[in-house]
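Step one of this worksheet: look at the structure below.
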Amino acid sequence: MAKKRTIRTIPQQRTPMREQDARERATNFAEVACGYGLEDAMRESERCLLCPDQPCIRGCPVNIDIPGFIQKIGEKNFRGAYDIITATNLLPAVCGRVCPQENQCEGVCTVGDSLEPVAIGRLERFIGDKAIAEGWTNIPYMEPNGFKVGIVGSGPAGMACAADMAKAGCDVTVYEAFHQPGGVLRYGIPDFRLPNDVIDAEIRNLAKLGIKFECNTLVGRLFTIEQMIDDLGFDAVFIGTGAGYPTMMGIPGDSLNGVLSANELLTRCNLMRAKEFPNFDTPLPLGSHVTVVGAGNTAMDAMRVCLRLGAKDVHCVYRRSKTECPARAEEVHHAEEEGVEFHWLTNPVEILDDGKGGVRGMRCIRMELGEPDDSGRRRPVPVPGSEHEIETDLVVFAIGTNANPIMGQTSKLKLNKWGYIEADADLATSIAGVYAGGDIVTGAATVIEAMGAGRRAARNMKAYLGLRDADAPYAAESKGGAGKLFGIDARERNFVRVRVPA
Amino acid sequence: MSNFEIVAREDFSDVTYLLEIKHPLMARAARAGQFVIVMSHEEGERIPLTIADYDRAKGTITLVIQAVGKTTREMQQTCKVGTSLYGVVGPMGIPSPIGNAKKVMCVGGGLGVAPIFPQARAFKQAGAYVIGVIGFRTKDLIFWEDKFRATCDEFILCTDDGSAGIMGRITEGVKRAIEKHDDIDECVAIGPPVMMQGVAEATRPHKIKTIVSLNPLMVDGTGMCGGCRVKVGGQVKFACVDGPDFDAHQVDFDDLMTRLRRFVPEEKEAMERWSENCRIRGQVDKIAPPAPKESDLERY
């Protein structure tokens with residue numbers, strides 16, 4: 001047994017991850033961060049103090065046993081590390097890449113109190129990639145329980161929920177409106193951040209659990225949520241349709257042909273492969289001087305896609321300052337390295353017409369930070385007389401989304417005042433047996449938060465169906481007292497489905 | 001869902017063809033006014049097409065397609081009975097409300113003739129007096145005249161060159177119908193944007209409620225990308241989830257037509273490249289790469 005680790009004895013510097021050179025990578029769609037090699041991972045695993053407090057587990061939305069898997073890496077037992085991660089997270093290769101670890105596990109890491117935190121995300125990705133390369137999957141023994149579960153949307157929330165329900169023995173079908181599964185992982189996140197091979201591999205793993213993926217299916221319109229329960233024989237349904245409906249600014253010129261949403265740009269490029277036009281039929285608007293409005297992760301993706309498509313210069317216009325910018329620190333850093341020009345504290349007021357329906361420029365105004373607003377961030381206010389023009393021929397809005405209206409239009413689901421599906425703490429909606437989670441409940445958030453919601457919904461769907469949750473600790477039973485049998489709440493068995501007619 | 005088999009095909013003219021596709025669930029769900037998004041093959045683009053008809057008993061939906069661009073021309077060659085489309089998703093959009101109007105004018109221009117048919121039939125079944133006004137450029141392009149005659153209480157056919165029916169644009173037919181009937185409650189018009197604009201202007205002075213079905217460029221068709229945004233009454237709407245039906249008197253048609261020209265250079269490039277490939281493969285004897293014209297915008 002090695003000497004006990006202390007903050008003084010562990011490697012002081014975080015192990016760097018190889019990256020493609022910024023100038024080089026801005027011209028291709030290959031992955032930017034190359035991932036840890038074996039030695040990198042071994043060295044970084046030594047930085048974990050295996051502290052008794054384990055704040056990282058609580059910091060993780062799906063509560064991965066982080067010290068546990070890092071210890072296995074230290075023992076060179078990579079399969080063991082994979083088994084630990086996949087006990088709670090089926091998509092390590094995805095999450096290792098796209099989670100905002102600095103706000104989650106790494107943000108609370110004990111090492112981070114005095115040094116740079118352990119690179120948990122990079123280690124997770126190392127194991128995820130290794131599993132794909134080695135063809136590892138963990139297919140638990142599943143006793144079919146006869147329940148049929150429908151999942152609407154094949155993005156991170158739907159995938160996570162589907163996996164848990166399948167592992168509980170349910171017959172799970174996932175519906176996707178697009179022609180390929182993956183949701184935002186497929187259409188939104190570009191290849192250089194999350195290669196399609198990784199998504200394919202993770203979806204193959206889900207299919208091995210017996211999950212059926214039905215693409216080209218627009219739930220709500222082809223059949224409704226109510227019909228899923230009444231006619232199609234689903235015992236429970238999870239809705240994870242994601243955020244929809246991109247916001248446009250509502251300023252003069254925003255319907256010009258050189259103006260589009262980041263969602264459209266990314267969908268054309270990532271899902272429809274417009275970057276390979278004309279080998280693929282979907283075209284993409286190309287700009288030499290691109291301006292992206294907004295500074296979230298989607299904005300960073302849009303800017304970096306434009307660079308790779310050959311834009312001469314790419315500008316980011318954001319009305320607050322860099323401190324308030326909502327994107328992951330690493331993404332902002334990458335975008336800066338690749339040559340994106342940031343205009344902090346700047347807001348567009350008008351998009352200028354080139355006379356042919358296209359864009360010739362954008363008139364902006366400088367902002368300064370005033371009093372804090374509802375979000376706690378200082379509210380930007382325009383500086384009088386500071387209007388100026390930016391030369392641009394393509395404007396991309398990445399300023400958030402509103403709720404997609406399809407579920408509200410086609411079902412009796414209760415919505416909140418913003419149009420998102422109303423769900424209680426258990427993520428149950430107003431229709432019995434129907435659960436919802438992810439962006440369609442919370443508004444735009446992150447991949448891992450959506451996965452966390454999918455898993456939380458799955459836990460409660462199992463309770464609704466009267467299934468014993470294998471993850472729930474047995475200790476709870478002794479406290480449960482009367483009305484509980486083997487940890488199963490007696491009331492759960494005889495759930496009467498009540499539907500209030502409209 | 002996968003495997004969308006083509007079970008019937010009919011060619012109305014050199015450029016217009018009908019495909020009947022097996023999709024029992026969609027046949028059951030579809031309503032007048034809705035559309036589908038089609039991908040003909042894995043590398044294809046997603047194109048919105050209005051559902052021209054559906055047969056619940058046979059479990060099929062019908063699309064009428066005009067070969068104007070690369071994808072629709074390619075489909076004209078490859079979509080044979082027994083083959084399958086790579087993707088068909090729908091029915092999308094809000095179904096047209098078939099209200100209690102007593103007298104309705106259903107106007108279809110060019111390819112818009114196909115999707116106006118289920119509306120005319122729905123109004124008829126709801127007990128309305130239905131005036132059908134349909135228009136084509138010339139006699140050879142006419143289709144479904146018999147279906148309309150069998151469904152409508154009154155039927156006006158227009159051709160631009162006068163080779164059949166009354167001579168003139170479809171607005172001529174609309175004007176005649178309005179002259180004859182001063183009690184039309186509602187007008188539904190589907191066709192190229194210029195035609196819908198014309199109809200809107202013809203009904204506006206008479207304050208006839210007029211609904212048009214807009215078909216801008218789309219990608220996902222589920223409200224996610226905003227590519228199909230249109231201006232209606234000064235507000236931005238997404239045709240895919242807020243429409244496709246809108247109040248014609250509120251629609252900014254000039255904006256719609258500008259937005260339809262968004263990818264003209266790319267469409268031309270794709271078309272030329274495809275024609276060249278066809279020539280090389282000898283599949284087609286001669287296809288002149290057409291310069292994009294106004295009529296190419298007529299996606300109906």
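The sequence lines fix the lettering, A, B, ..., with proteins before strands; numbering per chain opens at 1.
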(request) Report yes if the side chains of A:F178 and B:M224 come closer than 4.5 Å at any heavy-atom pair, otherwise no. (result) yes
(message) Among B:P95, B:P91, B:G90, which residue has the highest count of heavy-atom pairs closer than 4.5 Å to chain A?
(response) B:P91
(message) Could you check whether any side-chain heavy atom of A:H179 comes within less than 4.5 Å of a side-chain heavy atom of B:M39, counting everything from C-beta outward?
(response) yes
(request) Please determine, among A:L271, A:L284, A:T410, the option with the most heavy-atom pairs under 4.5 Å with chain B. (result) A:L284
(request) Give the minimum heavy-atom separation between A:D281 and B:T71, together with the two atoms involved. (result) OD2-OG1, 4.0 Å
(request) Kindly give the heavy-atom pair with the smallest separation between B:V241 and A:Q409, and that separation in Å. (result) O-NE2, 2.8 Å
(request) Among A:M248, A:Q180, A:Q227, single out the residue with the greatest number of heavy-atom pairs under 4.5 Å to chain B. (result) A:M248
(message) Quick check: closest heavy atoms across B:T258 and A:N257, and the distance to 0.1 Å?
(response) O-ND2, 2.8 Å
(request) Please look at B:Q34 and chain A and tell me whether the side chain, the backbone, both or neither of the residue comes under 4.5 angstrom of a heavy atom of that chain. (result) side chain
(message) Within the 4.5 Å heavy-atom criterion, are A:F280 and B:E45 side-chain neighbours or not?
(response) no
(message) Given 3.5 Å as the limit, does a donor-acceptor pair link the side chain of A:R273 with the main chain of B:E43, or not?
(response) no
(message) Are there over 12 heavy-atom neighbours, none belonging to B:N100, within less than 6.0 Å of that residue's CG?
(response) no
(request) Mind listing the closest non-hydrogen atom pair of A:R221 and B:A29 along with its distance? (result) O-CB, 3.5 Å
(message) Would you say that B:R261 contacts A:K356 through its side chain, given a criterion of any heavy-atom pair below 4.5 Å between the two side chains?
(response) no
(message) Taking side chain as everything from C-beta outward and backbone as N, CA, C, O, which of these in A:L256 sits under 4.5 Å from a heavy atom of chain B? Side chain, backbone, both or neither.
(response) backbone
(request) Measure A:N279 against the heavy atoms of chain B and call it side chain, backbone, both or neither at under 4.5 Å. (result) both
(message) Taking 4.5 Å as the heavy-atom cut-off, does anything in residues 261-268 of chain A contact chain B, and if so which residues?
(response) A:S261, A:N263, A:E264, A:T267, A:R268
(request) Please list, chain by chain and in numerical order, all residues satisfying salt bridge (Lys or Arg N to Asp or Glu O under 4.0 Å) with B:D53, sequence neighbours excluded. (result) B:R121, B:K147
(message) If I measure from the heavy atoms of chain B, does A:E176 come under 4.5 Å with its side chain, its backbone, both, or neither?
(response) neither
(request) Return the minimal non-hydrogen interatomic distance between A:P283 and B:E266, and the atom names on each side. (result) CB-CB, 3.6 Å
(message) Between B:D255 and chain A, with a heavy-atom cut-off of 4.5 Å, which part of the residue counts as in contact: side chain, backbone, both or neither?
(response) side chain
(message) Using heavy-atom distances under 4.5 Å, tell me whether B:I37 contacts chain A through its side chain, its backbone, both, or neither.
(response) neither
(message) Counting only non-hydrogen atoms closer than 4.5 Å, does A:Y187 touch chain B with its backbone (N, CA, C, O), its side chain (CB onward), both, or neither?
(response) side chain
(message) Taking the side chain as everything from C-beta on, heavy atoms only, tell me whether B:V89 gets closer than 4.5 Å to A:T217.
(response) no
(message) Return the CG to OG1 distance between B:L217 and A:T282, rounded to the nearest 0.5 Å.
(response) 11.0 Å
(request) Please tell me if the side chains of A:L260 and B:R262 come closer than 4.5 Å, counting only heavy atoms from C-beta onward. (result) yes
(message) For B:R46, which atoms come within 4.5 Å of any heavy atom of chain A: side chain, backbone, both, or neither?
(response) both
(request) Kindly write out the residues that satisfy side chain to side chain contact (heavy atoms under 4.5 Å, CB included) with B:A67, not counting sequence neighbours, or none if the list is empty. (result) B:Y17, B:R73, B:Q76
(request) Measure the acute angle between the ring planes of B:F238 and A:Y245, then classify it against the limits of 30° and 60° as parallel, tilted or perpendicular. (result) parallel
(message) Taking every non-hydrogen pair under 4.5 Å, which of B:G44, B:A270, B:G87 racks up the most with chain A?
(response) B:G44
(message) To check you understand the geometry: which heavy-atom pair defines the closest contact between B:R229 and A:D254, and what is its length?
(response) NH2-O, 2.7 Å
(request) Specify which of A:A177, A:S255, A:G220 makes the most heavy-atom pairs with chain B at under 4.5 Å. (result) A:S255
(request) Not counting sequence neighbours, list each pair that qualifies as a salt bridge (charged side-chain N to carboxylate O under 4.0 Å, His left out) and has a residue in residues 74-92 of chain B. (result) B:K70-B:E74
(message) Counting only non-hydrogen atoms closer than 4.5 Å, does A:P246 touch chain B with its backbone (N, CA, C, O), its side chain (CB onward), both, or neither?
(response) both
(message) Return the SG to CD1 distance between B:C240 and A:I406, rounded to the nearest 0.5 Å.
(response) 7.0 Å
